Amino acid sequence: MSKKILINGNEFEFEDNLTLIQALEFADIEVPRFCYHDKLSIAGNCRMCLVEVKGAPKPVASCHFSLSDLRPGPNGELPEVFTNTDSVHHARKGAMEFLLVNHPLDCPICDQGGECDLQDQALHYGINKSRYKENKRAVDNKYIGPLVKTTMTRCIHCTRCVRFTSEVAGTGELGAIHRGENMEITTYLEKGMSSELQGNVIDLCPVGALTSKPYEFQARPWELTKTESIDVMDALGSNIRIDSKGSEVMRIMPRFNEDVNEEWISDKTRFIWDGLKSQRIDEPYIRKDGKLVKATWDEALNKVVELVKNTKPSKIGAIAGDMTTAEEMYLMKLLFDKLGTDLYDCRQDGSYITNKFGRASYIFNPSISGIEEADGLVIIGSNPRIECPVLNARIRKRWLTGNLKIFNIGQENDLTYEYIHLGKSPEQINLKSMDINNCKNIIWLIGDDVFTRDDSNDLLSHIVESAKKTNSIRDDWNGLAILHKSASRVAGLDLGFLPEDSKKNAKYIANSKNVDLLFLMDADEIDADNKYKVYIGSHGDKGATSADVILPGACYTEKNGFFMNTEGRLQQINRAVFPPGDAKDNWKIIIELSKRLKKSLNFVSFDDVRKDLQKKFPIFEDVGVIQAADQSQLSKIEIKYPKLNDVEFENSIKDFYLTNPITRASKIMAECSMQKKNNGNING
């Protein structure tokens, strides 16, 4: 139901379920606020959003004043709201004066300086001297973990952080004790926070009470170059902003995208930046007499050419890692096709997931935002909280509405929301045990680890059949949702970076005696037992230490490229800084290698590579768009399960903070991992 109102003399029409502050935002009228946040519940603490409503005895807080509460005039006149009168300005100045009573003058040494909401609003509503002569209060700082630094004397009790941990993160680890000016925000027992999303309280804090501990005193905001990019720590593809200074990444911040990550990012996304410059490979290496020694690019590339020429094409393989771009896989595929072999794979975890049943069989079909339309959710072999914390927060958001039934088949974990645990093995995928008859939009969420099982195709066919029986796959809704962990997986499947023989997956390629030479592109999560190995990557991790030739490449903050997220949305990373030392872009390495092998790919620039990719695979044309999958191809999945395997589902991620070479090179992630093992205690 819509409602007409007058704002500063101009007529507007809004839905009457909005609050006044939301209506003012739609009308492009800025209203100051500290406690209000559109992703959190309304608190009404700070009183900075005061506006004048005609007929009201005093200014009202627009954050919790609903349009439905507005009343017409005595003769039916439209309700009137004023935001720029002397009364409003005077009321806001009074609220600001209260907020500054105890706030310390820390601006020159505060990390929020230059990005502080209180600082910005004080410029407009502050006064140059205070009428209060009492001493300012002081509050002890609290230990809440290795990521968030507390300076609680600055706290203005907006309670944004409290509401975030209880509503979005679902851990409820922050709260308030005492009353009035003695009120303190604390974790009660001075224990480190356990949420994988805790870093978001730094962005939410409108003052400098909660700041980034690792970023402390690193740089001021005006010194930083800001680059819009995409996260590759998981398959969600959270939109991020990379802030760099010179040749170093200084911090990573979230960007708003309502369809993907809203405005949240995980702690792994936010804090791995110190790992970007640790354990870096910045020179080529060749193994001589069992030891890796430095070499020139010419020597290293010639060695690779020698290895390729001395090996039969049928005995050469390649495995792409979890952070490989679509362009890099495309080039490697072209090179291998010219060499005459198809032993390449984008599934370094040994997964059997395939693209033979169409795109609908390997993406998150309901879409991330579609979770908010679901009324039933069946989680199979997955731990969304660890595999994709931001997506898990979206599930919790929907669950809080009370309109989502959740069933879990697999390991029991604290997912931050209630669910019915049906069992740990595939035998429990039984419609008789699920009360979902009244559910219309059901999501069947299948974890990545399900596809590493020998019976994965049988399982997939059983789940698809169950989804069809519950009408979860229809013209206006496809509830089959594959939750990938690897940022590069969907693009690799779209490109067909897979061996023709489904039995010759990554684990076969890495351990077969029939494969003598193996190329590892940022692939560090697989144990390879081949005769010779060539590693193209950025960090000195498992892949590099076992290689015979190391070609230093760029990591995701140092290159451009396409990624497809788990829902099949095309997104792109952008270069923020350049690779260190003699390291090169991975695509340039593959192009140079092809020239020396007399198998030239005939590309001069990165744009040429991208245009050719888009020409042969049009699905890579529209950035930010999900190309709908043809769900009719799901009927190709054969139903051939005489009896499902009774082996229990397992989650492969044992430590959220140490899942790839960048995280393992990060001291910050190592601290988080240690704290998690110590259950959040300060000293273990």
Side-chain angles (χ1 to χ4, degrees), residues 32-49 63 95-96 98-123 137-169 171-177 183-187 190 192-193 195-221 241 243 251-256 262-267 269-271 393:
R33 85 288 302 270
F34 295 115
C35 67
Y36 175 78
H37 191 279
D38 59 358
K39 298 294 180 187
L40 304 175
S41 61
I42 295 169
N45 296 339
C46 69
R47 319 308 286 180
M48 272 304 292
C49 63
C63 65
M96 175 61 70
F98 274 121
L99 290 172
L100 294 176
V101 166
N102 286 306
H103 197 75
L105 296 172
D106 283 349
C107 299
I109 58 160
C110 178
D111 276 337
Q112 285 279 50
E115 297 176 311
C116 176
D117 293 345
L118 185 64
Q119 196 177 51
D120 294 341
Q121 297 303 331
L123 181 68
R137 69 173 183 141
V139 181
D140 290 339
N141 295 333
K142 311 293 189 296
Y143 174 85
I144 60 174
L147 302 179
V148 183
K149 179 194 173 190
T150 62
T151 312
M152 301 314 291
T153 300
R154 301 170 185 163
C155 179
I156 61 170
H157 302 162
C158 72
T159 68
R160 279 186 182 181
C161 57
V162 176
R163 284 174 282 149
F164 175 83
T165 57
S166 62
E167 297 166 14
V168 180
T171 55
E173 292 171 309
L174 288 177
I177 58 174
M183 176 175 160
E184 295 183 27
I185 306 296
T186 176
T187 54
E190 290 218 11
M193 294 170 68
S195 171
E196 296 77 20
L197 297 167
Q198 61 183 281
N200 291 290
V201 300
I202 297 167
D203 300 331
L204 288 172
C205 185
V207 295
L210 302 175
T211 54
S212 173
K213 192 176 284 187
Y215 177 69
E216 184 180 14
F217 306 135
Q218 295 288 319
R220 286 296 194 184
R241 191 189 80 203
D243 289 356
R251 66 177 179 179
I252 294 172
M253 307 279 283
R255 279 192 297 129
F256 182 81
E262 298 182 286
E263 55 190 281
W264 319 124
I265 55 174
S266 74
D267 294 337
T269 300
R270 184 186 297 270
F271 291 107

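Residues: numbered from 1 along the sequence shown. Predicted model only: the values in this text are computed from it and were never measured.
Distance check, rounded to the nearest 0.5 Å: CD of E262 to CZ of R255 gives 15.0 Å. We find the CG-OG distance between L174 and S166 to be 9.0 Å, quoted to the nearest 0.5 Å. Taken from CZ in R270 to OG in S212, the straight-line distance is 8.0 Å, to the nearest 0.5 Å. Rounding to the nearest 0.5 Å gives a distance of 11.5 Å between CG of L147 and OG1 of T211.
The side-chain contact (heavy atoms from CB on, under 4.5 Å) check on D38 picks up Y36, E263, with sequence neighbours excluded. For N102, the side-chain contact (heavy atoms from CB on, under 4.5 Å) test picks out K136, R137, E181, with sequence neighbours left out. In this structure, the side-chain hydrogen bond (donor to acceptor under 3.5 Å, both in side chains) partners of N45, at least two apart in sequence or on a different chain, are T159. By the ring-ring contact (aromatic ring centres under 6.0 Å, His included) test, F271 is found to be paired with no residue, residues two or more places apart in sequence or in another chain being considered. With sequence neighbours left out, E196 forms a salt bridge (Lys or Arg N to Asp or Glu O under 4.0 Å) with R385, K676. K213 pairs by the side-chain hydrogen bond (donor to acceptor under 3.5 Å, both in side chains) definition with nothing, not counting sequence neighbours. Residues satisfying the salt bridge (Lys or Arg N to Asp or Glu O under 4.0 Å) test with R47, not counting sequence neighbours, are none. With sequence neighbours excluded, no residue forms a salt bridge (Lys or Arg N to Asp or Glu O under 4.0 Å) with R220. I156 meets the side-chain contact (heavy atoms from CB on, under 4.5 Å) test with F34, L99, H103, L118, C158, P206, V207; sequence neighbours excluded. With sequence neighbours excluded, the residues satisfying side-chain contact (heavy atoms from CB on, under 4.5 Å) with P32 are M48, R92, Q121, Y125.
Looking at heavy atoms from C-beta onward, D203 lies out of side-chain contact with W264 at the 4.5 angstrom threshold. Side-chain atoms of V168 and K39, non-hydrogen and from C-beta on, never get closer than 4.5 Å to each other. Two residues are said to be in side-chain contact when any heavy atoms from C-beta on lie closer than 4.5 Å; L204 and C161 fail this criterion.
There is a side-chain donor-acceptor pair under 3.5 Å between E173 and T171.
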ask   = Can you list the steps and then say if R241 with I252 is a side chain to side chain contact (heavy atoms under 4.5 Å, CB included)?
value = CA-CA 6 Å; R241 191 189 80 203; I252 294 172; over 6 Å; no

task = Output, in order, the C-alpha distance, side-chain angles, deciding distance and verdict of side chain to side chain contact (heavy atoms under 4.5 Å, CB included) for V201 and V148.
result = CA-CA 8 Å; V201 300; V148 183; 4.1 Å; yes

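Scanning all heavy atoms of the two residues, the minimum distance from G44 to C35 falls at N-SG, 3.7 Å. Closest heavy-atom contact between L100 and A122: CD1-CB, 4.5 Å. Between G199 and D267, the shortest heavy-atom contact is N-OD1, 2.8 Å.
With hydrogens and angles ignored, the 3.5 Å screen pairs no side-chain donor or acceptor of T150 with any backbone N or O of M152. Distance alone, capped at 3.5 Å, places no donor-acceptor pair between the D111 side chain and the G208 backbone. Between the side chain of T165 and the backbone N or O of V162 there is at least one donor-acceptor pair closer than 3.5 Å. Not one N or O on the side chain of N200 forms a donor-acceptor pair closer than 3.5 Å with the backbone of S266.
Within the structure, salt bridge (charged side-chain N to carboxylate O under 4.0 Å, His left out) pairs that include any residue of residues 145-164 comprise D106-R154, K149-E216 (at least two apart or interchain). Applying the salt bridge (charged side-chain N to carboxylate O under 4.0 Å, His left out) rule to pairs touching residues 112-123 yields E115-R251, sequence neighbours excluded.
Classification of K142 and D140 as a salt-bridged pair fails, no side-chain N sitting under 4.0 Å from a carboxylate O.
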